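Below you'll find the structure, written out as structure tokens, and then a few comments.
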Amino acid sequence: FHAGCIGSIKNPAQNNPHTLFKLFRCFCSREGGALSVVRADAVGFLRVVSVARKMVVSAEMCCFCFDVLYCHLYGYQPPRTPRFTNDPYPLFVTWKIGRDKRLRGCIGTFSAMNLHSGLREYTLTSALKDSRFPPMTRDELPRLFCSVSLLTNFEDVGDYLDWEVGVHGIRIEFFNEKGSKRTATYLPEVAKEQGWDHIQTIDSLLRKGGYKAPITNDFRKTIKLTRYRSEKMTMSYAEYIAHRQHHHYQNGIGHPLPPYNHYS
């Protein structure tokens with residue numbers, strides 16, 4: 001962050017606390033989705049001490065994904081248009097299941113999509129059409145966890161090691177043994193969850209993308225790598241039920257609440 005002087009207060013210790021609070025609020029600003037936080041230093045100067053970007057992803061997005069999947073599996077009309085932003089983002093929808101949170105489906109797009117239609121589409125694509133898994137069933141709903149990831153800050157880098165485990169997602173492009181271009185990606189949390197270093201992550205991603213030949217360091221250097229970040233929100237089925245009950249169907253769903261079958 002950048003600490004820059006943005007104003008001063010004379011004799012801060014003698015100021016009324018309400019006045020200081022009003023001044024503080026005046027200097028808290030949101031610009032481009034960022035929140036600037038300020039404090040008064042020892043001589044009364046107000047200084048920026050941190051700048052945090054306002055999160056776009058929200059629990060409502062996970063709730064909406066559960067709504068979409070529930071309506072599809074039970075044959076109800078699709079949920080109405082949600083209230084969260086419809087700005088375009090590259091996005092992924094991930095499903096995990098059970099206490100050990102095993103992967104159950106994860107598909108997304110690097111093309112920016114309006115969130116309302118994008119989340120509708122990839123909720124069902126990831127739940128029903130991930131070729132690694134059979135289509136999801138009603139019986140699995142109570143054990144599911146839904147994560148929405150919005151992808152940001154894409155950067156092409158020249159070195160395949162120029163990214164940070166646990167911070168960046170990576171997308172690679174490479175040519176396989178037959179000369180065909182292939183791509184593959186891992187979201188930012190994958191390498192950290194698996195305990196992988198940079199090389200292990202790259203090699204796993206090459207195998208995920210269908211590369212079957214021995215992997216050499218010279219071949220790794222031919223990879224085109226894009227790093228990115230994500231905003232992620234995760235919600236369990238239990239949290240989804242509680243959220244919907246608390247907010248009184250704020251997404252406008254007309255069907256009854258789904259049966260709550262908490263697993264132990």
Side-chain angles (χ1 to χ4, degrees), residues 33 52-73 79 82-87 89-110 113 115-116 118-130 132-133 135-153 164-171 185-196 201 228-247 250-251 253 257-258 260-264:
R53 186 177 179 275
K54 182 176 181 291
M55 295 281 282
V56 175
V57 74
S58 68
E60 281 299 323
M61 295 178 188
C62 295
C63 208
F64 180 65
C65 292
F66 267 116
D67 284 339
V68 170
L69 180 59
Y70 179 85
C71 288
H72 176 85
L73 292 177
R83 297 181 180 180
F84 54 76
T85 179
N86 195 31
D87 290 343
Y89 283 89
L91 60 93
F92 274 72
V93 177
T94 302
W95 298 99
K96 294 187 177 182
I97 191 166
R99 277 187 284 185
D100 54 351
K101 297 184 179 179
R102 302 183 311 277
L103 183 64
R104 187 61 181 82
C106 178
I107 298 181
T109 176
F110 282 91
M113 291 188 70
L115 288 176
H116 296 174
L119 290 176
R120 281 184 195 271
E121 177 177 341
Y122 282 95
T123 289
L124 297 180
T125 301
S126 59
L128 306 173
K129 297 181 181 179
D130 189 324
R132 298 169 291 181
F133 306 99
M136 227 170 259
T137 65
R138 295 180 189 179
D139 292 342
E140 294 177 285
L141 271 172
R143 298 186 292 135
L144 289 177
F145 297 81
C146 177
S147 296
V148 172
S149 299
L150 307 184
L151 312 186
T152 63
N153 301 95
E164 186 174 345
V165 172
V167 173
H168 296 109
I170 57 172
R171 179 178 186 265
T185 191
Y186 279 141
L187 296 173
E189 63 269 20
V190 173
K192 185 175 181 179
E193 289 175 353
Q194 297 298 320
W196 293 336
T201 305
Y228 59 89
R229 301 190 183 218
S230 78
E231 295 184 9
K232 181 183 177 185
M233 183 67 66
T234 299
M235 175 179 283
S236 68
Y237 181 82
E239 291 167 332
Y240 159 62
I241 296 300
H243 191 274
R244 284 200 44 229
Q245 289 172 332
H246 178 71
H247 289 275
Q250 71 177 29
N251 280 334
I253 295 191
L257 280 170
Y260 178 54
N261 299 314
H262 183 67
Y263 66 97
S264 58

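The model shown is predicted, which means the values in this text are computed figures rather than measured ones. We're numbering straight along the sequence, starting at 1.
For the pair Y240 and D67, the minimum side-chain heavy-atom distance is below 4.5 Å. The closest side-chain heavy-atom distance from E60 to R83 is not below 4.5 Å. F64 is not listed as a side-chain neighbour of T123, based on a closest heavy-atom distance of 4.5 Å or more. Side-chain contact between Y89 and L115: present, with at least one pair of heavy atoms (C-beta onward) separated by less than 4.5 Å. Side-chain contact check for V93 versus I107: every heavy-atom pair is 4.5 Å or farther apart. Contact check for F92 versus Y122: no side-chain heavy atoms found under the 4.5 Å cut-off. Counting heavy atoms from C-beta outward, R244 and C63 have side chains that approach closer than 4.5 Å. The shortest distance between side-chain heavy atoms of R132 and C106 falls below 4.5 Å.
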Between S126 and W95, does the side chain to side chain donor-acceptor pair (under 3.5 Å) criterion hold? Intermediate values first, please. CA-CA 7 Å; S126 59; W95 298 99; 3.0 Å; yes
Applying side-chain contact (heavy atoms from CB on, under 4.5 Å), run through L187 and L151 and close with a yes or a no. CA-CA 9 Å; L187 296 173; L151 312 186; 3.9 Å; yes
Test side-chain contact (heavy atoms from CB on, under 4.5 Å) applied to I170 and T185, step by step: CA-CA 6 Å; I170 57 172; T185 191; 5.8 Å; no
Could you go step by step and tell me if V56 and T152 meet the side-chain contact (heavy atoms from CB on, under 4.5 Å) rule? CA-CA 11 Å; V56 175; T152 63; over 6 Å; no
Could you please spell out the steps behind the side-chain contact (heavy atoms from CB on, under 4.5 Å) verdict for V148 and L91? CA-CA 7 Å; V148 172; L91 60 93; 5.6 Å; no
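How far OG1 of T94 is from CG of D130: 9.5 Å, rounded to the nearest 0.5 Å. With rounding to the nearest 0.5 Å, the separation of NE2 in H243 from CE in M235 is 5.0 Å. Between C62 atom SG and E239 atom CD the span is 9.0 Å, to the nearest 0.5 Å.
Residues satisfying the side-chain hydrogen bond (donor to acceptor under 3.5 Å, both in side chains) test with T109, not counting sequence neighbours, are none. In this structure H116 satisfies the ring-ring contact (aromatic ring centres under 6.0 Å, His included) test together with F84, sequence neighbours excluded. In terms of the side chain to side chain contact (heavy atoms under 4.5 Å, CB included) criterion, residue partners of K101 (sequence neighbours excluded) are, by chain and number, K96, F145.
Counting all heavy atoms, side chain and backbone alike, F66 lies closest to L144 at CZ-O, 3.8 Å. The minimum heavy-atom distance linking E189 with S149 is given by the pair OE2-OG, 4.5 Å. Contact between M113 and G118 at its shortest, heavy atoms only, is CE-CA, 3.7 Å. In plain terms, the two heavy atoms of S147 and K232 that are nearest each other are OG-CE, 3.5 Å. Of all heavy-atom pairs between T201 and A191, the closest is OG1-CB, 3.4 Å.
S230 places no side-chain N or O within 3.5 Å of a backbone atom of L150 that could act as its donor or acceptor partner. The closest donor-acceptor contact from the side chain of R120 to the backbone of P79 lies under 3.5 Å. Side chain of N153 to backbone of Y228: no donor-acceptor contact under 3.5 angstrom is found. At distances below 3.5 Å, at least one donor-acceptor pair connects side-chain atoms of E140 with backbone N or O atoms of T137. Looking only at distances, no side-chain donor or acceptor of H72 sits under 3.5 Å from a matching main-chain atom of V68. Although no hydrogens or angles enter the test, the distance criterion places no donor-acceptor pair under 3.5 Å between the side chain of E231 and the main chain of M55. Judged by distance alone, with hydrogens and angles left aside, the side-chain atoms of R143 form no donor-acceptor pair with the main-chain N or O of I97 at under 3.5 Å.
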